[in-house]
Each structure stands twice: as structure tokens, then as C-alpha cells.
Protein chains: 2
Amino acid sequence: MKETTICPRLSKAMELLGKRWTTLILYQLLDGSQRFNEIESALPVSGRLLSERLKELEKEGLVERKVFTEVPVRVEYSLTDKGKALEGAIREVEKWSQIWIN
Amino acid sequence: MKETTICPRLSKAMELLGKRWTTLILYQLLDGSQRFNEIESALPVSGRLLSERLKELEKEGLVERKVFTEVPVRVEYSLTDKGKALEGAIREVEKWSQIWIN
DNA sequence: AAATATAAGTTACTTTTCGTAAGTTAGGGT
DNA sequence: ACCCTAACTTACGAAAAGTAACTTATATTT
């Protein structure tokens, strides 16, 4: 096994946040609870990956899933406290992008 | 082409920062200029990917590459101003990970 | 009563990216 | 002449991502 000197918590955090689409999904949910199709329309992500990512985020406790048994079914996703706690970090990236990206 | 409503700058930023290892490489360089092998030893990243990521980061202007023609050759990588400007964001993720990750 | 519509996925298949290990390059030391 | 070292690079099988078609449940339309 390869030995590393980097902080294991940050490393584990980046395993999640470093996956494609994860941060943009969280950013989208900073606006509040949203349905599957709303998120899918807001981002250039396919349903397959969005579904996979939301499951991971739910499993890691950053996102909560609520099902409303209407017809057709409505499913809403929202940030938990753990997810909301990332707002500072995400806003910093947003600020950086406004300054440094064209 | 799929239409999206998300901020294009943030989206472009995440295309870079969301790639595997990118943020950890930048985090490692927050400690100052480092050689290829130092970064490789600090992170569980292979030489192949480290090389690829450093090239991308150099191309995007976040990292600077300096060659010292000694024997054997020494190459040092460091953050540019654009790269250093990400410190705030990276520190926020670090703080979050200390609180929320086990 | 059968056909249609809709949200939220899921499946099947192709393409791209990643991980691992071996190979390359350049010059200096033995 | 051969070995050593840092910094890559290549080859190739494995894993992840992209695309589009399909599924499920039930209410509304025909």
C-alpha cells in the first residue's frame, strides 16, 4: 500500500466532492429544495449520473430525499445540515471563478 | 445542445477543480514549491495522472513549472497568483472536512 | 376500457478516463 | 562500458461517464 502524508479527512472529502457533477449539484441545491427534473434541467448532467450522484450524496448524509406520492410522483431533494455546511466553500469557489475564469 | 441555467464560470471552474486529484495537488502546493516526486509521494496519485494534471494546471495558469538542469534533472512546481487565489476555497473545504468527516 | 401522459428513474451499450507497471531519456559517477 | 536517478511516457486492462431507449405507476383523455 502506498503511504501518503496528506490529511485523510480532506482526502476523503475530496473523494466525494471531487467526483464529476457533485459540487454543481450541491450548488444547485443551495437555492433550496428541488425536484429531480429541475436539477437535471439546470445542469448539463444526464439522468443516469444525476441519479447515481444523488444516491451517493444521500448515503453520505449531505442530501435528503423526500417522496410525495402524487401523480405522477414528485421527489424533492434538499441539503442537510452537513450539506449546507459546505456553502462557504462553494461560495469561495464561485467568487474565485468570477474573478479568474472567462 | 442541452440548455443549462447554471453559472458558466463556476461550471468551467468545476470542470478543472472537479477532476480527480486536482484539488489535492493544489492543496499540496499551498505548502510551497515542490518537486514532482514530492507531490507523488504525498498523494495516492500515480505518476501518469500527476503528470497529466500538472500539465492541465499549467495550461490553465494555476501552476508554474520550473526546470533546473542539474543531474538528474530537477523540476519544481508552484502556484501562480491564480492558483494561490484558490487558497480560501480549499481551506474552507479543509475546515468542513475536519468537522464533518471521520 | 383502452390509449395517453408524466416524473423519476433504470438498462444496455459505446466512449472516455483511470490505474498499474514497464519503458525511456539525459547526463554524471564508478 | 555500465549503472544510477528524476521526471516523465507508453501500453493496456479496468472502471467511470455519456447517450438514448425503456420501465413503472396512476390519472386523465378518448
Side-chain angles (χ1 to χ4, degrees), chain A residues 1-6 11-26 28-29 32-60 63-79, chain B residues 1-6 11-26 28-29 32-60 63-79:
Chain A
M1 175 129 23
K2 181 166 181 179
E3 63 180 301
T4 64
T5 60
I6 205 161
S11 191
K12 199 170 169 214
M14 290 315 303
E15 252 171 69
L16 228 199
L17 305 176
K19 284 196 175 175
R20 200 170 285 177
W21 305 118
T22 300
T23 299
L24 290 179
I25 291 166
L26 295 172
Q28 191 60 26
L29 290 176
S33 186
Q34 282 176 62
R35 308 175 64 164
F36 189 91
N37 277 339
E38 286 183 273
I39 306 173
E40 196 180 6
S41 305
L43 306 176
V45 66
S46 67
R48 183 175 110 41
L49 264 265
L50 179 55
S51 173
E52 195 171 306
R53 288 294 178 268
L54 285 169
K55 265 185 210 159
E56 291 164 3
L57 289 169
E58 196 191 356
K59 183 173 163 236
E60 296 299 323
V63 161
E64 189 184 8
R65 180 175 185 270
K66 270 190 198 146
V67 180
F68 300 82
T69 43
E70 305 169 353
V71 169
V73 70
R74 178 162 58 102
V75 180
E76 297 206 341
Y77 293 91
S78 57
L79 296 180
Chain B
M1 172 111 49
K2 182 166 181 179
E3 63 180 302
T4 64
T5 60
I6 205 161
S11 190
K12 198 171 169 214
M14 289 315 303
E15 251 170 70
L16 227 200
L17 305 176
K19 284 198 174 173
R20 198 171 285 176
W21 307 117
T22 300
T23 299
L24 291 180
I25 291 167
L26 295 171
Q28 191 60 27
L29 291 175
S33 185
Q34 282 176 62
R35 307 176 63 162
F36 189 91
N37 277 340
E38 285 182 273
I39 305 173
E40 195 180 7
S41 306
L43 306 177
V45 67
S46 68
R48 183 174 113 35
L49 264 265
L50 180 55
S51 173
E52 196 171 305
R53 290 292 178 270
L54 285 168
K55 263 184 210 159
E56 291 164 4
L57 289 169
E58 196 191 354
K59 183 173 163 234
E60 297 298 324
V63 160
E64 189 185 8
R65 181 175 185 270
K66 268 189 199 145
V67 180
F68 299 82
T69 42
E70 305 170 353
V71 168
V73 70
R74 179 162 58 103
V75 180
E76 298 206 342
Y77 293 91
S78 57
L79 296 179

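Fair warning: this is a prediction, and the values are worked out from it, not measured in the lab. Every chain is numbered from 1 and lettered A, B, ... according to where its sequence line falls, protein lines coming before strand lines.
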Got Val45(B) and Leu24(B) here, is their nearest side-chain heavy-atom distance under 4.5 Å?
no

Leu57(B) side chain reached by Leu16(B) side chain, heavy atoms, under 4.5 Å:
yes

Whole angstrom is fine here: how far is it from [atom1] in [X] over to [atom2] in [N]?
X        : N       : atom1 : atom2 : result
Asn37(A) : dA5(C)  : CG    : P     : 17 Å
Glu15(B) : dA17(D) : CD    : P     : 14 Å
Glu52(A) : dT10(C) : CD    : P     : 10 Å
Leu49(A) : dG18(D) : CG    : P     : 5 Å
Leu50(A) : dG18(D) : CG    : C1'   : 14 Å
Leu54(A) : dA7(C)  : CG    : P     : 17 Å
Met14(B) : dA17(D) : CE    : P     : 13 Å
Phe68(A) : dA8(C)  : CZ    : C1'   : 14 Å

Heavy-atom nearest nucleotide on DNA chain D for Glu70(A) versus Glu56(A): which residue maps closer to 5'?
Glu56(A)

Counting only side-chain heavy atoms from C-beta out, which of dA20(D), dC18(C), dG9(C) sits nearest to Arg48(A)?
dA20(D)

Would you say [N] has OP1 or OP2 under 4.0 Å from some side-chain N or O of [X]?
X        : N       : result
Ser51(B) : dT9(D)  : yes
Arg65(B) : dA7(D)  : no
Arg20(B) : dG19(C) : yes
Trp21(A) : dG18(D) : yes
Lys55(B) : dA7(D)  : no

Between CD1 of Ile25(B) and CD of Glu56(B), what distance do you get to the nearest 0.5 Å?
8.5 Å

To the nearest 0.5 Å, what is the distance between CG (Leu17(B)) and OG1 (Thr23(B))?
5.0 Å

Contacts of Lys19(B) and Arg35(A) projected onto DNA chain C by closest heavy atom; the upstream (5') one is Arg35(A)

From the list Arg65(A), Gln34(A), Glu64(A), side chain to side chain donor-acceptor pair (under 3.5 Å) with Tyr77(A) holds only for Arg65(A)

Stretch residues 71-79 of chain A: residues that reach within less than 4.0 Å of DNA chain C through a heavy atom
Pro72(A), Val73(A), Arg74(A), Val75(A), Tyr77(A)

Let me see the working for Glu52(B) and Lys55(B) under salt bridge (Lys or Arg N to Asp or Glu O under 4.0 Å), right down to the final yes or no.
CA-CA 5 Å; Glu52(B) 196 171 305; Lys55(B) 263 184 210 159; over 6 Å; no

Can we say Lys12(A) and Glu15(A) salt-bridge, meaning some charged N sits less than 4.0 Å from an Asp/Glu carboxylate O?
no

